[in-house]
There are 2 protein chains.
Amino acid sequence: MSRKISSTGIERLALYYRYLTSVNGSEEAFISSEKLAKAVEHTAAQVRRDLSCFGTFGTPGRGYNRAALEAKLSGILGKEKCRNVVLVGVGNLGSALLAYKGFQSQCYTIVAAFDNDTRKIGKHLKGLEIQDIRKLSAVVSQTRAKMAIISVPADAAQGVVDALILAGIQGILNFAPTRVVVPEDIMLQHVDFSIKLDRLCYELEHA
Amino acid sequence: MSRKISSTGIERLALYYRYLTSVNGSEEAFISSEKLAKAVEHTAAQVRRDLSCFGTFGTPGRGYNRAALEAKLSGILGKEKCRNVVLVGVGNLGSALLAYKGFQSQCYTIVAAFDNDTRKIGKHLKGLEIQDIRKLSAVVSQTRAKMAIISVPADAAQGVVDALILAGIQGILNFAPTRVVVPEDIMLQHVDFSIKLDRLCYELEHA
DNA sequence: ACCTTATCGTGACAGATGTCACAAGCAGGG
DNA sequence: CCCTGCTTGTGACATCTGTCACGATAAGGT
Ligand SMILES: NC(=O)c1ccc[n+]([C@@H]2O[C@H](COP(=O)([O-])OP(=O)(O)OC[C@H]3O[C@@H](n4cnc5c(N)ncnc54)[C@H](O)[C@@H]3O)[C@@H](O)[C@H]2O)c1
Ligand SMILES: NC(=O)c1ccc[n+]([C@@H]2O[C@H](COP(=O)([O-])OP(=O)(O)OC[C@H]3O[C@@H](n4cnc5c(N)ncnc54)[C@H](O)[C@@H]3O)[C@@H](O)[C@H]2O)c1
């Protein structure tokens, strides 16, 4: 309970959680920081430090109770409360995201998809109707979604973000390769492939 | 020249570069750290510090020469030498990546695509033939590609990574939601959407 | 009841990263 | 030619993040 979690620590918590949920059954009831660390490629001390930020629920000599830890992590991450997600921009990437079953297994469900291309609106994809972006506000309040994923072209991103915020969205995952500005109380994360490629490139160069 | 660049600093350099290349023409010949910082949402001091790690090429009172800075950044990131990239796993996500024009504009070209599904092998997508994964080694040496992107299912990731390394690939961008192990001299980057969603979720919870 | 063994939780340290503030330096005008 | 104004580059400082080492503690056997 001693220290505030670091910002990358939060992503490690998510990794721990994913590891726990991925190994299904037929496992020991307890897992040590050492084993957990191995599984996600970090150090045992790091794991303990991260977890200790949220109380003390390991038992010396045994490790952490898997089920309890899983539940605790789910609570910390707040996964129960954020299941519904909306998607804006059903192009190449958006379609892949809609098809992705990995979100499901992590408790997230894309409950609505939007676009502004009249040729796409009304079509069905993976059991979801692509809706007119102008219905955003109504659908967001109806589904009570708090998070949105945007995969629209870079120059449309800021406009879409503004609309999402007006509609009541509080957290946005942005795939467009551009920085957007949001009020302080809105959470924003970027996923930026080409920056990662650049970084890889740099590291190759300066090996 | 005073300090080593931080690891996140490298990603900022890539952002600076992208900003410079995105604003085309009709701009002042010089740009100040202040303006550059605004454009990528960082501080001016941060920009200067990052750039100063690679020598001194700003002029007091004026700022940085755009063209020179762009060239310098390209050199630092090593973009000239890493244009050819191969892709493994042409599913939902892989297809979107193949279609993505943004890599092109950042100097990267996907020169070959591989899969192990016999129904996909031989098909053409965006002017590229999907090839048998068993031809990996031959094609990699022929194209002299140093980087690879993998978008295969999580349980196939490690195998594919091993094959890529055998084939001579030195940097890998991994989209599979799993940690893979590589020798120390191989560079690896993960792009992990659902972890980012989890993080968003956490931040919503603990606003 | 006590001892052994394994593992946790955490204070103290080390290292990495970011911020501030200001002397130094170039450009352009009078 | 010097003065003014702006912007850089960087030492010193502050903060954040990760590592180490070890005392504390629970479980299980003897
Ligand atoms: N395709 C990839 O692999 C990839 C990779 C990295 C980043 N990205 C980024 O993701 C974003 C989407 O990429 P894509 O390849 O799917 O592009 P795309 O052009 O295929 O899809 C964009 C979609 O957004 C819709 N759209 C445009 N403006 C809109 C608006 N104002 N409101 C609602 N919908 C709108 C378009 O109709 C289209 O369906 C882009 O910013 C791209 O740079 C894509
Ligand atoms: N689709 C998404 O939006 C999305 C989002 C996040 C992460 N991911 C991850 O990206 C990866 C790909 O996702 P997807 O939706 O495209 O899956 P997919 O099943 O549509 O595509 C996977 C492709 O990989 C091929 N493949 C399987 N094993 C292979 C092997 N050993 N060698 C070569 N090719 C092989 C398959 O034939 C298939 O074409 C997965 O790990 C997924 O978890 C996808």
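Every chain is numbered from 1 and lettered A, B, ... according to where its sequence line falls, protein lines coming before strand lines. FYI, side chains are in, hydrogens and waters are out, and symmetry mates aren't considered; it's all heavy atoms of this structure.
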Atom pair distance, as rounded to whole Å: [atom1] in [X] and [atom2] in [N]:
X       : N      : atom1 : atom2 : value
B/Ile5  : D/dG9  : CD1   : C1'   : 14 Å
A/Glu11 : D/dG18 : CD    : C1'   : 16 Å
B/Glu28 : D/dT7  : CD    : C1'   : 15 Å
B/Leu69 : D/dG9  : CG    : P     : 10 Å
B/Phe54 : D/dT8  : CZ    : C1'   : 18 Å
A/Leu51 : C/dT10 : CG    : P     : 12 Å
A/Glu34 : C/dT5  : CD    : P     : 18 Å

>> If you count every heavy atom of other residues, nucleotides or ligands that lies below 6.0 Å from B/Glu11 atom CD, does the total exceed 12?
In response: yes

> Is there a side-chain polar atom (N or O) of A/Tyr64 under 4.0 Å from OP1 or OP2 of C/dG9?
Replying inline: yes

> Distance check: side-chain N/O of B/Ser33 vs OP1/OP2 of D/dT8, anything under 4.0 Å?
Replying inline: yes

>> Side chains of B/Phe193 and B/Leu197, heavy atoms from C-beta outward: is any pair under 4.5 Å?
In response: no

>> Less than 4.5 Å apart, side chain to side chain, heavy atoms only: is that true for A/Leu73 and A/Leu51?
In response: yes

> What's the shortest heavy-atom distance between B/Ile195 and A/Ala14, and which atoms?
Replying inline: CD1-CB, 3.6 Å

>> If only side-chain N and O atoms count, and only distance matters, is there a donor-acceptor pair under 3.5 Å linking A/Ser74 with A/Glu80?
In response: yes

> Any sub-3.5 Å donor-acceptor pair from A/Thr56's side-chain atoms to A/Ser52's backbone N or O?
Replying inline: no

>> Please report the interatomic distance CZ(B/Arg66) to OH(B/Tyr19), rounded to the nearest 0.5 Å.
In response: 5.0 Å

> With the sugar-phosphate defined as primed atoms, P, OP1 and OP2, and the base as all remaining atoms, what B/S/- string results for nucleotides 18-30 of chain C, 5' to 3', for protein heavy atoms under 4.0 Å?
Replying inline: BBBB---BBS---

> If each of B/Lys4 and A/Ile31 is mapped to the nucleotide of DNA chain C with the nearest heavy atom, which maps nearer the 5' terminus, i.e. the 5' end?
Replying inline: A/Ile31

> Across the strands shown, which category fits B/Phe57 at heavy-atom distances under 4.0 angstrom: base, sugar-phosphate, nothing?
Replying inline: sugar-phosphate

